[in-house]
Amino acid sequence: MNAHLVRTAAEGRRHGPRARLRATARSEWVKLWSVRSAPAVLGATAVVIVLGALVLCSGYRSGWASMSASERAAFDPASTSLRGIEPAQLFVGALGVLAVTGEYGTGLIRTTLAATPQRAQVLVVKGLVLGAVVWAVTTASSFGAFALGQHLLTGPVPHAELEDPGVLRAVLGGGLYLTLIALFGTALGALSRSTPLGLAALFGVLLVLPLMVGLLPSGLADGILPYLPGEAGSQVWHVMPPSPHSLGPWQGFSLFALDVVVSAGAVLTLTRKRDV
Amino acid sequence: MIEARGLTKRYGRQTAVSGLDFRVEPGRVTGFLGPNGAGKSTTMRMILGLDLPSSGSVTVNGRRYRGMVWPLHEIGALLDARAVHPGRSAYNHLHSLAAANGIPRDRVDVVLEQVGLAAVARKRVGGFSLGMSQRLGIAGALLGDPGILLFDEPVNGLDPDGILWIRTLMRSLAAEGRTVLVSSHLMSETALTADHLLVIGEGRLLADMPLDELIARDATDRVEVRAVDHHRLAGELRTLGGEVTLRPDGTLLVVGVESAAIGELAAARGHVLHQLRDVTSSLEEAYFRLTEGSVVYRAPVPA
Amino acid sequence: MPTDTSGTPVPAARARRPPVPRHAPVTPLSRGRAVLASEWIKLRSLRSLRATALSGFAFSVGLAFLVCSGFQARWHTLGAQAQAHFRPVDTGLGFLQITPLFFGALGALVVTTEYGTGQIRGTFVATPQRPLVLAAKALLVGLLGFGLALVTVSAAFLLGQSRLSGATPHASPADSGAAGAVLGGALYLTLTGLLGLFLGALARSTAVAISALLCLFTILPVLVNNLPKGFVWRHTVPYLPSNLGFSLWHSHVGFLLRPVSAGCVLALYVVVTAAAGMALLRTRDG
């Protein structure tokens, strides 16, 4: 090859798989922050998590007098302040799906894969970059929601401290759960390669499935419900188990993590063979 | 260099590309011609490792694309100019591509300048015209300063200035010793840029030869003559074995007698000639001869 | 030389090609009918709509079958309290907590697919009377949606009840409240279809519209329904679309609104969203 073809373009090139990985991560980082949707959705996620604490904790404070003794005994102040996670999972899940399907929709994926033919690496790094950002934002929001919620729970209403058993785990668990949701969305987006299909799959599993199972006779429902991905995963941000049949916090979280790993594995085997 | 061996792609029962063997050599512009649906884009996608061949192989600098670690340093491609996130700025689009291949960030400014988009670098791509998107796609191809360039229909949507610009660009890239493969369905444009041609039809290779040779191959050379006494000249040319047609404007179209022989005959017989000109056939005519019968989408001829 | 209807000669070049036939004279009625016809053709030929409608039907009927079969098989294992609280109509129609998502998505897709593909520009070029376009879509979604909803809810009801027999209480269409619940359920689904349509017109994006529907119909109810029933709760939560719908088909409304007023409030939601959609349609570009 002619010597004059080697020019400034090659200067940044380093050798070895670590350099390749770093380059892919930088590219995905630039892509994530250079469209308005990611910061907007992440901002909305933070707002919803904190807003959930505001609405629910003030709701319990004002309605405490009308609650029965058994309802009061079942009240979990820590996870009540964290329940903004339930609507927030819509945002981070959609962000995960769109991170992949957006590229397929525009055809940008062809440019991306022409620049980095290591497809598995592109998808894994895309998930990790998004996951890291989602983790940082949602963990910080969980702490904010917890602080605000406990501040609102005054007078006769019990409140929680971070030092209480299981509370710090639950607050940290909020960020971990939402991070897994984003990764689950990324995997389902990569499997379906279509925004509506990916969203339908994600929210079908997370939101519709538990509602469906809840319609069944209680004996049957109790046997299925705890093992559904969203139900299992959300134990990690609860201090008191929501039902006697619930899995343990880390047990449930591991099961959800396994679901995510399995769907990611399916993606990685498929992408090798698929045309784009 | 790009090399295809027995390259075949089937989608279900339909064969898009079948048994292509070709080499795209450096130092010249290779035109990739064929009617719509002939398999040009499929072939380009297989070169870039986007689609996997059903059988056969295609290599870039002797290696399969999927095995390349920093491909943009070796090959740059413009596939679909609209395949950009509309919300991203031109700069950030190129920056993410540069980052993916360890290309220094200053190259982004260099290529934006080179394609004439420096002024709109920070604007969202969604507002770009097709011509501007096309320039952005070309900037992406040039980013890694690669030895091989692939352009799929690069002049689509460009204005005459843009067309001239890309023609000059491709010629100079080839002159620098790079490999340039340009697909097109515009004959006149290809005739002006390409040195070598690959022609495919219905997924099969129809021709792989220099442009001049393709045009000259089984082309019938004709000579156009304008003479004051064209009736007498026509008769004399026929006796020499020429096939002569008289056009309504009085021009004679001669096949089978070379222009030198016609000139000598005219001088010997005292003819006054106003014009004596060789007519070579065009790329378009050569192309139609090749692809006849292999056009996949053909509109019904209006009655 | 050829002449037109009034007898005036027309130039040969124009006469050679027959003019595109046009309904004359143009009245608001004929304009409306033309828009309706055009929207109907589009609706009919959209594959994603058919898929959504079909999967909504299959989902509802299948879930009713599954749930009722489950109760039939497990009836003897249920406690006395659970048996006493069992209402065959409510259980059989339980799918109505989820099916609104399908109808909402159906309505939203009617608009958002046009924005997604850019076809909306062609639509508005053909009919610059934008609110008329949206109204035509709404009329079709309302009529077809009600038909589809009635068929879906009735079929699911009949199949579900047919699974219940022996000791398990079951309902027949003639039972008091059964027909009302089926009709209420169909009305609820129709109104969510229209709500989806106008949300789609506001959002102009499938992803945003469907996320909004998910928020309204699955997340908000789970979040707030079990809060203590204080003063604020009683004046806000019963007005959530999902709870208004619940009032329309469920026999146990508790703190929620009565069916007729619930139906009216839900219709009001649709009207307000429609007004917002129409107003924005006039002012927005594209």
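Under a 3.5 Å cut-off, the side chain of A:Gln150 and the backbone N or O of A:Ala160 do form a donor-acceptor pair. Panel note: side chain C:His235, backbone C:Trp233; no donor-acceptor pair is recorded below 3.5 Å. With hydrogens and angles ignored, the 3.5 Å screen pairs a side-chain donor or acceptor of A:Arg72 with a backbone N or O of A:Trp64. C:His85 contributes a side-chain N or O that, together with a main-chain N or O of C:Gln81, makes up a donor-acceptor pair within less than 3.5 Å. At least one donor-acceptor pair closer than 3.5 Å links the side chain of C:Gln161 to the backbone N or O of C:Ala171.
For A:Glu71, no part lies under 4.5 angstrom from a heavy atom of chain C. For C:Ile210, no part sits under 4.5 Å from any heavy atom of chain A, backbone or side chain. No part of C:Leu220 comes within reach of chain A, as not one of its non-hydrogen atoms sits under 4.5 angstrom from that chain.
Contacts with chain A were tallied for C:Val224, C:Thr218, C:Leu66, C:Ile98; C:Ile98 has the most, counting heavy-atom pairs under 4.5 Å. Ranked by heavy-atom pairs shorter than 4.5 Å toward chain A, the options C:Leu109, C:Thr206, C:Leu214 are led by C:Leu214.
Separating the OG1 atom in A:Thr45 from the CG atom in A:Leu95 is a distance of 7.0 Å, to the nearest 0.5 Å.
The aromatic ring centroids of C:Phe59 and C:Phe102 lie less than 6.0 Å from each other.
For residues 189-212 of chain A, a heavy-atom distance under 4.5 Å to chain C picks out A:Thr195, A:Leu199, A:Phe203, A:Leu207, A:Val208, A:Leu211, A:Met212, given by residue number.
Judged purely by distance below 3.5 Å, without hydrogens or angles, the side chains of C:Ser60 and C:Thr99 pair a donor atom with an acceptor atom.
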